[in-house]
A.B. asks: 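Just passing along the structure, written as structure tokens.
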Amino acid sequence: MRHIPLLIIGGGIGGMATGLALARAGFETHIVEQAQEFTEIGAGIQLAPNALRVLESLGVLDAVSDVAVRPRNLVFLHADTGRHMTTIDFGAAFLERYGQSYSVLHRGDLLDVLLAACREHPKVTLENNRQVVDIEDHTTAAVVRFADGDSYRTDALIGADGLRSRARLLLSEDRPFTEAYVAYRGALPMSEISVPVEPDDEIIWLGANRHLVQYPIRRGELYNQVAVFRSPNYTPEIEHTDQWGGPDELDAAFATSCEQVRTSVRMFNRSRRWPLYDREPLANWTRGRITLLGDAAHPMFQYLAQGACQAIEDAECLARQMAEHNGDIDKAFAAYQAERIPRTALVQRVARGWGHVWHAEGDVIEALRDRLFRLRSADDYTDLDWLYQPHAA
Ligand SMILES: Cc1cc2nc3c(=O)[nH]c(=O)nc-3n(C[C@H](O)[C@H](O)[C@H](O)COP(=O)(O)OP(=O)(O)OC[C@H]3O[C@@H](n4cnc5c(N)ncnc54)[C@H](O)[C@@H]3O)c2cc1C
């Protein structure tokens with residue numbers, strides 16, 4: 001059986017960032033990915049200063065900046081009336097406060113940057129077409145078995161295998177949780193966008209049980225959109241079918257929205273939808289020499305745009321703890337989860353609540369949200385500090 005010192009399951013943003021961070025800290029790392037290629041879906045991703053700081057420390061910020069867009073503002077508008085609700089200014093005061101801008105980019109471009117850095121690093125090796133079907137905890141080692149019958153033995157296993165993580169099954173019997181929301185997303189060439197857009201801003205249109213996010217990506221060549229709504233047809237019995245959240249529901253959800261939103265929603269490719277899930281925070285991520293990272297550890301709703309940002313923070317923390325503990329895996333894993341669980345649990349919880357605030361209608365939450373939004377100035381970052389400022393390590 002092949003012996004691997006450090007094995008990462010999953011070549012997504014979390015796994016790739018972790019491979020790079022561990023290698024730069026001096027550890028040989030092997031990444032296995034079930035897909036035939038390392039790819040991401042054709043949609044955008046937002047990276048906040050907390051993630052950009054890590055990417056800078058990993059030496060990839062310039063490459064990310066080359067393909068990203070730095071929006072001037074994040075503007076919240078009402079989806080029905082078009083009324084301005086609030087603006088977050090990402091300009092000089094934001095940069096000064098957090099040491100980094102806010103960036104939006106194509107997911108594939110981000111993964112390509114991380115993949116290229118991993119491929120260039122002599123301490124990272126990568127394998128595709130390697131689906132892990134079984135994981136055994138041997139206390140001071142772990143054994144993974146692949147779909148083709150092959151097995152690897154490793155001193156340390158990092159489960160960066162996403163929302164439906166196989167590694168997590170060793171730690172918890174919990175299941176992904178849905179609030180019956182569904183997303184449609186995708187990016188179109190800017191030339192095909194049939195609504196007037198503000199190319200330097202990110203726009204979020206808020207309405208009852210729905211929202212639409214829009215921003216330019218890939219140096220402004222593409223326009224990314226994410227439409228999210230609560231399915232009226234969802235029931236637990238049909239959860240794992242396609243009988244809820246279909247394109248007819250998408251159109252109905254945005255039917256009362258203003259013309260610009262309705263036109264934007266018509267532009268979506270309707271062939272794929274993403275039911276949205278999070279999970280309750282776990283009190284423990286580690287069993288023997290197996291630990292979790294990214295969505296496998298802390299899947300969250302996307303309302304704070306932090307799932308990948310937190311996975312990138314995980315990567316930095318795990319590599320730093322491995323270095324600080326001179327490669328003592330037990331101590332490093334313990335320190336890693338002690339640092340990361342409280343922070344990611346808070347982000348998971350706030351993300352869920354923030355979704356309720358976004359989608360509120362006709363209740364006290366909506367009234368308070370609108371009043372708060374109205375009263376704050378564009379350069380009031382008080383409510384962002386907990387997330388974007390460097391946190392205690
Ligand atoms: C609509 C939407 C919008 C979002 N927007 C943002 C945003 O703007 N900013 C942000 O920070 N986050 C955002 N997120 C969250 C973000 O996409 C995720 O948190 C992030 O991609 C998680 O990365 P990961 O590497 O942990 O997991 P994944 O991206 O799920 O990667 C897991 C990898 O493991 C592989 N894998 C799984 N099982 C196995 C196995 N058994 N064997 C081998 N390989 C396996 C998979 O193929 C996959 O490549 C958004 C999410 C959604 C749904």
A.B. asks: Would E239 and Y277 count as having a side-chain donor-acceptor pair, cut-off 3.5 Å?
C.D. replies: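 On atom types as modelled, these side chains qualify, holding a pair under 3.5 Å.
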
A.B. asks: Report yes or no: is the cationic atom of R53 (NZ for Lys, CZ for Arg) closer than 6.0 Å to the six-membered ring centre of Y98, at no more than 45° off its axis?
C.D. replies: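 No, R53 and Y98 do not form such a contact.
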
A.B. asks: If you draw the axis of the six-membered ring of W285, does the NZ or CZ of R168 fall within 45° of it and under 6.0 Å from the ring centre?
C.D. replies: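 No, a cation-pi geometry is absent between R168 and W285.
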
A.B. asks: Do V75 and Y215 share a hydrophobic cluster, counting only Ile, Leu, Val, Met, Phe, Trp and Tyr and linking them when any side-chain heavy atoms are less than 4.5 Å apart?
C.D. replies: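 Hydrophobic grouping puts V75 apart from Y215.
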
A.B. asks: Given the rule that I, L, V, M, F, W and Y join up when any side-chain heavy atoms are under 4.5 Å apart, are W358 and I88 in one cluster?
C.D. replies: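 The answer is yes; both residues are in one hydrophobic cluster.
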
A.B. asks: State plainly whether one hydrophobic cluster holds both V226 and F268, where clusters connect Ile, Leu, Val, Met, Phe, Trp and Tyr through side-chain heavy atoms under 4.5 angstrom apart.
C.D. replies: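 No, no single cluster joins them.
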
A.B. asks: Is the centre of the H359 ring less than 6.0 Å from the centre of the Y303 ring?
C.D. replies: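 Here the rings of Y303 and H359 have centres that are less than 6.0 Å from each other.
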
A.B. asks: Regarding R130 and E127, does a basic nitrogen lie under 4.0 Å from an acidic carboxylate oxygen?
C.D. replies: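 The answer is yes: the pair qualifies as a salt bridge.
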
A.B. asks: Taking the basic N atoms (NZ, or NE/NH1/NH2) and the acidic carboxylate oxygens, is any pair closer than 4.0 Å for D370 and R83?
C.D. replies: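 Between R83 and D370 there is a salt bridge, with a charged N closer than 4.0 Å to a carboxylate O.
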
A.B. asks: What do you reckon, are the aromatic ring centroids of F94 and Y381 less than 6.0 Å apart?
C.D. replies: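 Aromatic pair counts; centres sit under 6.0 Å.
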
A.B. asks: By the rule that ILVMFWY residues connect when side-chain heavy atoms come within less than 4.5 angstrom, directly or transitively, which residues belong alongside I4?
C.D. replies: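 Once heavy-atom contacts under 4.5 Å are chained together, I4 belongs with L7, I9, V32, V132, I135, V144, F146, Y152, L157, L170, I290.
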
A.B. asks: Could you tell me if T344 and Q348 have a donor-acceptor pair between their side chains, going purely by distance under 3.5 Å?
C.D. replies: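 No, no side-chain donor-acceptor contact under 3.5 Å.
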
A.B. asks: Using distance alone, with no hydrogens and no angle criterion, decide if H3 and D155 have a side-chain donor and acceptor under 3.5 Å apart.
C.D. replies: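 On atom types as modelled, these side chains qualify, holding a pair under 3.5 Å.
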
A.B. asks: Does either side chain, that of E249 or that of N233, offer a donor lying less than 3.5 Å from an acceptor on the other one?
C.D. replies: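 The criterion, which ignores hydrogens and geometry beyond distance, is satisfied for N233 and E249.
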
A.B. asks: Give a yes-or-no answer on whether the side chains of N73 and E202 include a donor-acceptor pair shorter than 3.5 Å.
C.D. replies: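 There is no such pair between these side chains.
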
A.B. asks: Indicate whether the side chain of E179 and that of H356 have a donor and an acceptor atom separated by less than 3.5 Å.
C.D. replies: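 Side chains of E179 and H356: pair found under 3.5 Å.
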
A.B. asks: With a 3.5 Å cut-off and no angle check, do the side chains of R289 and T140 form a donor-acceptor pair?
C.D. replies: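 No, no side-chain donor-acceptor pair sits under 3.5 Å.
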
A.B. asks: Would you say the side-chain atoms of N50 and Q306 include a donor-acceptor pair closer than 3.5 Å?
C.D. replies: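 Yes, because at least one side-chain N or O of N50 sits under 3.5 Å from a partner of the opposite role on Q306.
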
A.B. asks: Determine, for E339 against R343, whether the closest basic-nitrogen to carboxylate-oxygen distance falls under 4.0 angstrom.
C.D. replies: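 Salt bridge absent between E339 and R343.
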
A.B. asks: More than 12 foreign heavy atoms under 6.0 Å from CZ of R371: is that the case here?
C.D. replies: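 No, because the 6.0 Å sphere around CZ of R371 holds 12 heavy atoms or fewer from other groups.
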
A.B. asks: Under 4.0 Å between a Lys/Arg side-chain N and an Asp/Glu carboxylate O for R145 and D150?
C.D. replies: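 No, R145 and D150 are not salt-bridged.
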
A.B. asks: When you compare the side chains of H138 and E136, does any donor N or O come within less than 3.5 Å of an acceptor on the partner?
C.D. replies: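 Yes, a side-chain donor-acceptor pair sits under 3.5 Å.
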
A.B. asks: Do L293 and I329 share a hydrophobic cluster, counting only Ile, Leu, Val, Met, Phe, Trp and Tyr and linking them when any side-chain heavy atoms are less than 4.5 Å apart?
C.D. replies: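 Per the 4.5 Å side-chain linkage, L293 and I329 are co-clustered.
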
A.B. asks: Indicate yes or no: does R72 engage E198 in a salt bridge with an N to O separation below 4.0 Å.
C.D. replies: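 A salt bridge is present here (some side-chain N lies under 4.0 Å from a carboxylate O).
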
